[in-house]
Amino acid sequence: MLDMNFIRENPDKVRWMLEVRGVDADLDSLLEWDRRFREATTKVNELRHRRNVVAESIPRVKDSEEKRKLIEESREINRRIKELEAERREALRRRDEIRLLIPNMPRPSVPIGKDEDDNRVVREWGEKPTFNFPVKSHQDIGEDLDIIDFTRGSRMAGTGFYVLKGDGARLERALINFMLDLHKEQGYIEIFPPILVKPEAMTGTGQLPKFKDDMYWCERDDLYLIPTAEVPVTNLHMNEILSAEDLPIYYTSYTPCFRREAGRHLYEKGVIRVHQFNKVELVKFSLPEESDEELEKLTADAEEVLKRLKLHYRVVQLCTGDLGFSSANTYDLEVWMPSFETYVEVSSCSTFTDFQARRAKIRFKRKAHLESEFVHTLNGSGVAIGRTMAAILENYQLEDGRVEIPKVLRPYMGGQEVIEKPEKRITLFKS
RNA sequence: GCUGAGGUAGCUUAGCCAGGCCUAAAGCGCCGGCCUUGAGAGCCGGUGGCGCCUUGCGCGCCGCGGGGGUUCAAAUCCCCCCCUCAGCGCCA
């Protein structure tokens, strides 16, 4: 959420932002409701003042006739306040209804552009692997090695769910542990948060109200399954005032993530777009003046995962038209997928400046006597597990169908070096 | 899930039963000033949000977990919800 004073004083900047993001929001109505809200606020304040003066004088008045008159006046004022107050609240409600749908202001470095074609490739690391045999997709590899079971996953939970088995499940677990250990080295504190959270938390990080349909909701308890650890970890400090000397704070968190992907086409088969996936997340709380630099460092920390796994990737800075709702600047990490012959996003590292902090009321003080200010929040995947596993299966595949295990993961898999076809497969009964 | 006790400013606490000089007191922390060679102590003042304009060392409103209600008047009385703690129940 943008600062109301900023919107009021810089309507042209906000209008420009909506333009370059390609977002349609009714800024004129917002400003009009704001004007009406402030007008009504002033009137209500004047009436309340009069009422307070009258109410205060009543116990001092001895004459009962005069007292009766004052009480009557007070009652009349209350009637008028009630009317005006209704107007005031309606104007505020309408104003903030629109304001909650206004996206964040991009940082100056963000390229102007319409869609993903205008994103800027910032850097590349490593080289595309070459194969002297026909490459297989991670779906086929997963099924051939009997480590990913799409059929049984969707049978019990529907499309968009899959089951990991044997070395597949172990590899997933190895990736989680490898990433968490790496991020601990990099100075992040590990968090294991609630996976279900209240609507306030979802509003704090910006998922609500705009993306309600993209999330799983438990109606009975009014709780939402988290779409990313960003939600519970950022809200760790909601409604708090932190000390400047504690900033920046670095957190890392492994959680499952749940996304309905409403109205979106799910890939026929595969782990790229699914309803449930695992992710290790990085979250930072920083001083406003340090957040741009912290984003660069956070991105580098996420990149380190891919470097150690020796996976070819590139870093892309999103243009204004492709930037997420709450983000002020985003770098996507995209890993090379041989079977797709393209890059797939495994991480999205963003700074939200004070946008989330204002919603979630995460503040800090530099000195006890100074005003509290909003912190800057940042986060990025470090990185998405399922997609990374897919990238490993494809990039590390061998001609004989086996898959080599990246060296850094071997200690997490009891020293195992390759994933082989299982000796035994659980098959259906055949007569 | 039940019962009880709680939630007050950056923090710690009083006020609540008996509604009204409550302008929410006090302490701590922090900032400024006085004093001092300097520091400390001491003393004085400041230290939440919003709105308004004559932008003044201004005026007003709001603010006591959140939301309603009663009343001329609510931190205080009533109702609903959230959270914390203790005990009981249930349970991986």
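Basis for what follows: all heavy atoms, side chains included, without hydrogens, waters or symmetry-related copies. Chain letters run A, B, ... following the sequence lines, proteins first, then strands; residues in each count from 1.
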**Request:** Take the angle between the ring planes of A:Tyr250 and A:Tyr188 and call it parallel below 30°, perpendicular above 60°, tilted in between.
**Result:** tilted
**Minimum side-chain heavy-atom gap A:Pro103-A:Ser326 below 4.5 Å** = no
**Complete:** Separation of B:rA9 atom C1' from A:Ile241 atom CD1, nearest Å, is 9 Å
**Message:** Distance check needed: B:rG49 P versus A:Glu373 CD, whole Å only.
**Reply:** 11 Å
**Request:** Check each of A:Arg363, A:Lys367, A:Arg366 against A:Glu373 using the salt bridge (Lys or Arg N to Asp or Glu O under 4.0 Å) test, and report the only one that passes.
**Result:** A:Arg366
**Request:** Kindly write out the residues that satisfy ring-ring contact (aromatic ring centres under 6.0 Å, His included) with A:Tyr216, not counting sequence neighbours, or none if the list is empty.
**Result:** none
**Message:** If a pair means Watson-Crick or G-U wobble with both distances below 3.5 Å, what does RNA chain B look like in dot-bracket form, with | marking bases paired to a different strand?
**Reply:** ((((((((.[[[..)....(.....]]]((((((.......))))))(((((.....)))))..[[[[[..)....]]]]])))))))....
Using the 3.5 Å cut-off, write out each protein N or O paired with an N or O of nucleotides 71-78 of chain B and the distance between them.
residue : atom : partner : partner atom : Å
B:rC72  : OP1  : A:Arg75 : NE           : 3.3
B:rC72  : OP1  : A:Arg75 : NH2          : 2.4
B:rC72  : O3'  : A:Asn78 : ND2          : 3.2
B:rC72  : O2'  : A:Ser74 : OG           : 2.2
B:rA73  : OP1  : A:Asn78 : ND2          : 2.6

**Request:** Using only side-chain N and O atoms of A:Arg38, determine if any of them is under 4.0 Å from OP1 or OP2 of B:rC52.
**Result:** yes
**Fill in**
Each nucleotide of nucleotides 41-47 of chain B classed B (base within 4.0 Å of a protein heavy atom), S (only sugar-phosphate) or -, in 5' to 3' order, makes -----BS
**Message:** Mind checking if A:Lys198 touches a base, just sugar-phosphate, or nothing, with heavy atoms under 4.0 Å?
**Reply:** sugar-phosphate
**Prompt:** Over how many whole Å does the gap from A:Glu371 atom CD to B:rG48 atom C1' extend?
**Reply:** 10 Å
**Item:** Between C1' of B:rG69 and CD of A:Glu85, the distance in whole Å
**Value:** 15 Å
**Request:** Find which nucleotide of RNA chain B each of A:Asn45 and A:Ser372 is nearest to by heavy atoms, and output the residue with the more 5' nucleotide.
**Result:** A:Ser372
**Request:** Indicate whether OP1 or OP2 belonging to B:rC62 is found under 4.0 Å from a side-chain N or O atom of A:Asn52.
**Result:** yes
**Message:** For the P atoms, the ones on B:rA86 and on B:rC80, what distance do you get once it is rounded to whole angstrom?
**Reply:** 25 Å
**Asked** Mind checking the P distance from B:rC91 to B:rG4? Whole angstroms is fine.
**Response** 24 Å
**Item:** Euclidean distance, atom CG of residue A:Leu242 to atom P of B:rC11 [Å, nearest integer]
**Value:** 11 Å
**Request:** Taking atom P in both B:rC11 and B:rC30, compute the distance separating them and give it to the nearest angstrom.
**Result:** 16 Å
**Item:** Over all atoms of both residues, closest heavy-atom pair of A:Val110 and A:Ala328
**Value:** CG2-O, 3.3 Å
**Request:** Measure from CD on A:Glu39 to P on B:rC53 and round the result to the nearest Å.
**Result:** 11 Å
**Asked** Which class fits the ring pair A:Phe325 and A:Phe355: parallel under 30°, tilted 30 to 60°, perpendicular over 60°?
**Response** perpendicular
**Request:** Could you pull out all residues at least two apart from A:Asp3 that satisfy side chain to side chain donor-acceptor pair (under 3.5 Å)?
**Result:** none
**Request:** Go through B:rG51, B:rG10, B:rG49 for me and flag the one nearest to the A:Asn5 side chain.
**Result:** B:rG51
**Prompt:** Which residues satisfy the ring-ring contact (aromatic ring centres under 6.0 Å, His included) test with A:Phe161, sequence neighbours excluded?
**Reply:** A:His275
**Item:** Nearest-angstrom distance, C1' atom, B:rG66 to B:rC83
**Value:** 10 Å
**Prompt:** Aromatic rings A:Phe192 and A:Tyr254: how do their planes relate, parallel, tilted or perpendicular, breaks at 30° and 60°?
**Reply:** tilted
**Request:** Could you work out the separation of B:rA25 and B:rC64 based on their C1' atoms and round it to a whole Å?
**Result:** 13 Å
**Item:** side chain to side chain contact (heavy atoms under 4.5 Å, CB included) between A:Tyr224 and A:Lys198, intermediate numbers included
**Value:** CA-CA 6 Å; A:Tyr224 291 83; A:Lys198 295 200 269 185; over 6 Å; no
**B:rU8 versus B:rG65 - spacing of their P atoms, nearest Å** = 7 Å
**Prompt:** Between B:rC82 atom P and A:Asp221 atom CG, what is the distance in whole Å?
**Reply:** 10 Å
**Prompt:** For RNA chain B, whose closest nucleotide is more 5', that of A:Val44 or that of A:Thr41?
**Reply:** A:Thr41
**Item:** side-chain hydrogen bond (donor to acceptor under 3.5 Å, both in side chains), paired with A:Gln317, selected from A:Thr330, A:Asn329, A:Asp332, A:Thr299
**Value:** A:Asn329
**Message:** Need one value for A:Arg36: base, sugar-phosphate or nothing, where a base atom within 4.0 Å counts as base even if backbone is also close, heavy atoms only.
**Reply:** nothing
**Message:** In this structure, how many angstroms lie between the C1' atom of B:rC59 and the CZ atom of A:Arg48, rounded?
**Reply:** 17 Å
**Item:** Donor-acceptor pair between A:Trp33 and A:Asp96 side chains, under 3.5 angstrom
**Value:** no
**Message:** Please tell me if A:Arg89 has a side-chain N or O lying less than 4.0 Å from either OP1 or OP2 of B:rG68.
**Reply:** yes
**Request:** Indicate the atoms forming the closest heavy-atom contact of A:Met337 with A:Ala390, along with that distance.
**Result:** CE-CB, 3.8 Å
**Item:** Span that lies between the C1' atom of B:rG45 and that of B:rC81, in whole angstrom
**Value:** 42 Å
**Message:** Taking the P atom in each of B:rC79 and B:rG27, what is the distance between them to the nearest angstrom?
**Reply:** 36 Å
